Amino acid sequence: MPRNNTIFFPELLKKQDTATIKWHNSCYHRLSEQSNERNDMSSITSSAETQAKPSSSKAKSQQRQYIIPVVGNVLSRIILWTGIIVFSCIGLGALMFTTFYPSYTEKAEYLTNAAWPVIVLSTAAIAVVALLNRCNILERINVNVLSWIVCCYMIVASTVWAIASNTFPAYDSLDLINAAKELGTDDMPMWNGWYMERYPYQMPFVMVIRLLLGMVGDSQLYIALEFLNAICAGATALLLVRLSRQLFSDKSAIMSDLFSFFFLPLFLYSTFAYGNVPSLPFALAAILWQSKFMETNTWRHVIFAAMAITVSILLKSTMIVVLMAMCLILLIHAMVKRNWHSIAGIIVPIVVYAACSHGFFTVMEKKYDVVTDNGLGKTTWIAMGLQGDEYGNRLPDAPSWVTGSANPGWYNGYPWGWTTDYNPEVAAADSEESIKRSLTRFVQNPTFAIRFFTQKQATIWFDPTYESLVNSNWSAVPNNYGSAPMSDRPMTHLVHSVYYGKTNTIILRASDAFQFLTLAAAVTVLIGLRKRFRIEQLLPITVCLGIFCIYLLWEAKAQYAMPAYVVLLAYSGQGLLDIANRAVLLMGKFSRIITGKHEQISTQLAADTGID
């Protein structure tokens, strides 16, 4: 036994040593693996830490990239819904009230029984649109041919009205014509310290008058200006079709074209020798070319847009609102689409306008030795736009030369103060004081402020003729403009009826319905765009909102709202089609309801009587 034990023990020790070695080896391998894992984890952690800073900066950059489009979308939604709210309110007001001028002064009176004729005429117009759409007549019309037909119609209608009305220039029109005749002579009373020194922004249109004066002579000058208005009215109708097609479709462009046949004030304004009508086609061309630039990023379009809006502003200074709207829409487009070509699109028209404006006035100053930088400041027009009571009457604290305006915030003669010691700095200081007095009055009496601005906006936006008939038939003219008022001139029976008879009633009712349909169509389109739209489709409503906002404070007239209604016509075709389609759907649903009830009644009678 002891031997055997001795023999067995060394073998047992050997086996134990082998097991111990294996156990140590396994422990070593496990420790080494754990060490490697820790090393791997530490290396991963260190690499993650090294990558953390670049990834976080990249995340911030991506966050900024997402925030900018969101801000752009929010701005576009604000414009869209503000347009819906503002022009829905104007549309409802225009349905209930109509302003007109029976005395042929600028004193507005209200028609309060105009709703039913507007509803009847509007319903008939929608029925015609639905019929044209249902019979597929619009698809068979060539939009290019129709646009030129409407263009020629506007030119012919404007020319015929200019000849038939037999008017003559008065007020500002006469001042501008006299200024053009005096320019470059030794005797220039309209320039030195008087009209043109106070209103230097009128110089570009004066140069247009002077160009026509050199072409046709003094005797035919006013006729040439009327024909210029006729050409520009035709161009406006043509460009409206092009813009509607660019924003929507050929079908909506055809509908806009047919609708614009009935835009009577566009050709009735042919007698007004001023920059209103000539500036319109250039403003529309600028909107059209900018829309094309936003779609194609073609640089020639933005250059054309810059040139067109520059001409429009030079002809009518308040068209700078269109330039501001164009820049805002391009900024939103750059933010939403992250298309930085649009930033260049903002810079180009601003630079072109600034360069051309500065160049023009520099040439005028050097060639004709006239003062171009001594005009009244913008505060003068804001001060005048806030003066008077809610009826336009002069208030006791108004300057002595202010006689009161026809309507609240309208022209009241305020810019003609400071006659003996005219100084634009003194005028600006007086205007600022006037603005402070008006704002204090509004703050102290909020009820008065509400009445004032409500009446002011009503007289601007509720006139469906935009003073087109008043401006060719003034019943009172100051002594220095002539001995007899325009309304005393010889008239044919038809022209007399246009101003005073049944034809005048027809024009007023038709224009009233046209204005309401224009507003209703625009609001309908904007509501339809609330889910999906292209940024350029907001450009017309942005222009209109700009015009609305500026005349909250600025000196007002109904004629100043006409460019907004012209631009709104770009929505009219699509809007009328949408209204007609919804009306057809509602009529179909109503018909099915009536038919279903009739069948239900018939079935019940058959069940009660036992007769099929």
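Heavy-atom basis, side chains included; hydrogens, waters and symmetry copies ignored. Nothing here was measured: the structure is a model prediction, and the numbers come from that model.
Trp381 and Tyr201 have perpendicular rings, their planes meeting at more than 60° on a 0 to 90° scale where under 30° would count as parallel. In this structure, Tyr153 and Phe267 have perpendicular ring planes: the angle between them is above 60°, well past the 30° mark. Between Phe97 and Tyr110, the ring planes lie perpendicular to each other; the angle is over 60°, past the 30° to 60° tilted range. Aromatic ring pairs are classed by plane angle as parallel below 30°, tilted from 30° to 60° and perpendicular above 60°; the pair Phe452 and Phe442 is tilted.
When side chains are defined from C-beta on, Leu469 does not count as touching Asn473, because their heavy atoms never get closer than 4.5 Å. For the pair Val525 and Phe248, the minimum side-chain heavy-atom distance is below 4.5 Å. At a threshold of 4.5 Å between non-hydrogen side-chain atoms, the residues Leu95 and Leu519 do not count as touching. The shortest side-chain heavy-atom distance between Phe360 and Pro204 falls under the 4.5 Å cut-off. In this structure, Trp416 and Arg198 have side chains that are in contact, with non-hydrogen atoms separated by less than 4.5 Å. Side-chain contact between Asn113 and Leu111: present, with at least one pair of heavy atoms (C-beta onward) separated by less than 4.5 Å. Side-chain atoms of Ile547 and Pro563, non-hydrogen and from C-beta on, do get closer than 4.5 Å to each other. Residues Asn144 and Val241 have side chains not in contact (no heavy-atom distance under 4.5 Å, counting atoms from C-beta outward).
Taking both residues in full, the closest heavy atoms of Phe516 and Gly91 are given as CD1-O, 3.6 Å, listed atom of the first, atom of the second, then distance. What you find for Tyr199 and Leu376 is that their closest heavy atoms are CE2-CD1, 3.9 Å. Shortest non-hydrogen contact noted between Trp289 and Ala308 is CZ3-CB, 4.0 Å. Here the shortest heavy-atom pairing between Asn471 and Gln559 reads ND2-NE2, 3.6 Å. The two residues Ala325 and Val543 come nearest to each other via the heavy atoms CB-CG2, 3.6 Å. Ile209 and Leu225 get closest at one heavy-atom pair: CG1-CD2, 3.9 Å.
The backbone N or O of Ala233 sits nowhere less than 3.5 Å from a side-chain atom of Tyr269 that would complete a donor-acceptor pair. Ser252 places a side-chain N or O within donor-acceptor distance of the main-chain N or O of Ser249, the cut-off being under 3.5 Å. Ser572 contributes a side-chain N or O that, together with a main-chain N or O of Leu569, makes up a donor-acceptor pair within less than 3.5 Å. Within the 3.5 Å criterion, the main-chain N or O of Ala108 finds a donor-acceptor partner in the side chain of Asn407. With Ser244 contributing its side chain and Leu240 its backbone, the two residues share no donor-acceptor pair below 3.5 Å. Side chain of Asn133 to main chain of Ala580: no donor-acceptor pair is present (N/O by atom type, distance under 3.5 Å, no hydrogens or angles). Asn504 places no side-chain N or O within donor-acceptor distance of the main-chain N or O of Leu508, the cut-off being under 3.5 Å.
Other residues, nucleotides and ligands place no more than 12 heavy atoms under 6.0 Å from the CE atom of Met324. Taking a 6.0 Å sphere around CH2 of Trp554, one finds it holds more than 12 heavy atoms contributed by other residues, nucleotides or ligands. Remark: Phe448 CZ is packed, more than 12 non-hydrogen atoms of other residues, nucleotides or ligands lying under 6.0 Å away. For Phe282, the CZ atom is loosely surrounded, since the number of other residues' heavy atoms within 6.0 Å does not exceed 12. The local environment of OH in Tyr560 is crowded, with over 12 non-hydrogen atoms from other residues, nucleotides or ligands closer than 6.0 Å.
A donor-acceptor contact closer than 3.5 angstrom is absent between the side chains of Ser438 and Gln387. Counting only N and O atoms by type, the side chains of Thr459 and Trp410 include a donor and acceptor under 3.5 Å apart. Side-chain contact of Glu295 with Gln246: a donor-acceptor pair under 3.5 Å is present, judged by distance alone. Side-chain contact, Ser312 with Ser279: no donor N or O sits under 3.5 Å from an acceptor N or O. Defined by atom type and a distance below 3.5 Å, a donor-acceptor pair is missing between the side-chain atoms of Thr271 and Tyr222. Using a 3.5 Å distance cut-off with no hydrogens or angles, the side chains of Asp257 and Ser147 do not pair a donor with an acceptor. Defined by atom type and a distance below 3.5 Å, a donor-acceptor pair is present between the side-chain atoms of Tyr274 and Gln202.
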Are Phe462 and Thr98 close enough, and set up right, to give a side-chain contact (heavy atoms from CB on, under 4.5 Å), and what steps lead you there?
CA-CA 5 Å; Phe462 294 171; Thr98 301; 5.9 Å; no
Using the side-chain contact (heavy atoms from CB on, under 4.5 Å) rule, take Ile382 and Ser431 through it: C-alpha gap first, then chi angles, then the decisive distance, then the call.
CA-CA 8 Å; Ile382 296 174; Ser431 299; over 6 Å; no
Report the C-alpha distance between Ser511 and Thr465 in whole Å, list the side-chain angles of each, state the deciding distance to 0.1 Å, and finish with yes or no for side-chain hydrogen bond (donor to acceptor under 3.5 Å, both in side chains).
CA-CA 7 Å; Ser511 298; Thr465 66; over 6 Å; no
Using side-chain contact (heavy atoms from CB on, under 4.5 Å), reason through Val336 and Leu75 one step at a time and then give a plain yes or no.
CA-CA 10 Å; Val336 172; Leu75 289 175; over 6 Å; no
Could you go step by step and tell me if Asp578 and Gln574 meet the side-chain contact (heavy atoms from CB on, under 4.5 Å) rule?
CA-CA 6 Å; Asp578 291 344; Gln574 186 62 45; 3.1 Å; yes
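Atoms NZ and CZ, on Lys292 and Arg300 in that order, are 8.5 Å from each other to the nearest 0.5 Å. Atom OG1 of Thr82 sits about 10.5 Å away from atom CZ of Phe548, to the nearest 0.5 Å. Taking CG of Leu538 as the reference point, atom CZ of Phe533 lies at 5.0 Å (rounded to 0.5 Å). How far NZ of Lys456 is from CD of Glu555: 8.5 Å, rounded to the nearest 0.5 Å.
The aromatic ring centroids of Tyr171 and Trp474 lie less than 6.0 Å from each other.
Each of Phe259, Tyr466, Tyr565, Phe261 was compared with Phe514 under the ring-ring contact (aromatic ring centres under 6.0 Å, His included) criterion, and only Phe259 meets it.
Ion pairing between a basic and an acidic side chain is recognised when a charged N comes within 4.0 Å of a carboxylate O; Lys557 and Glu106 show such pairing.
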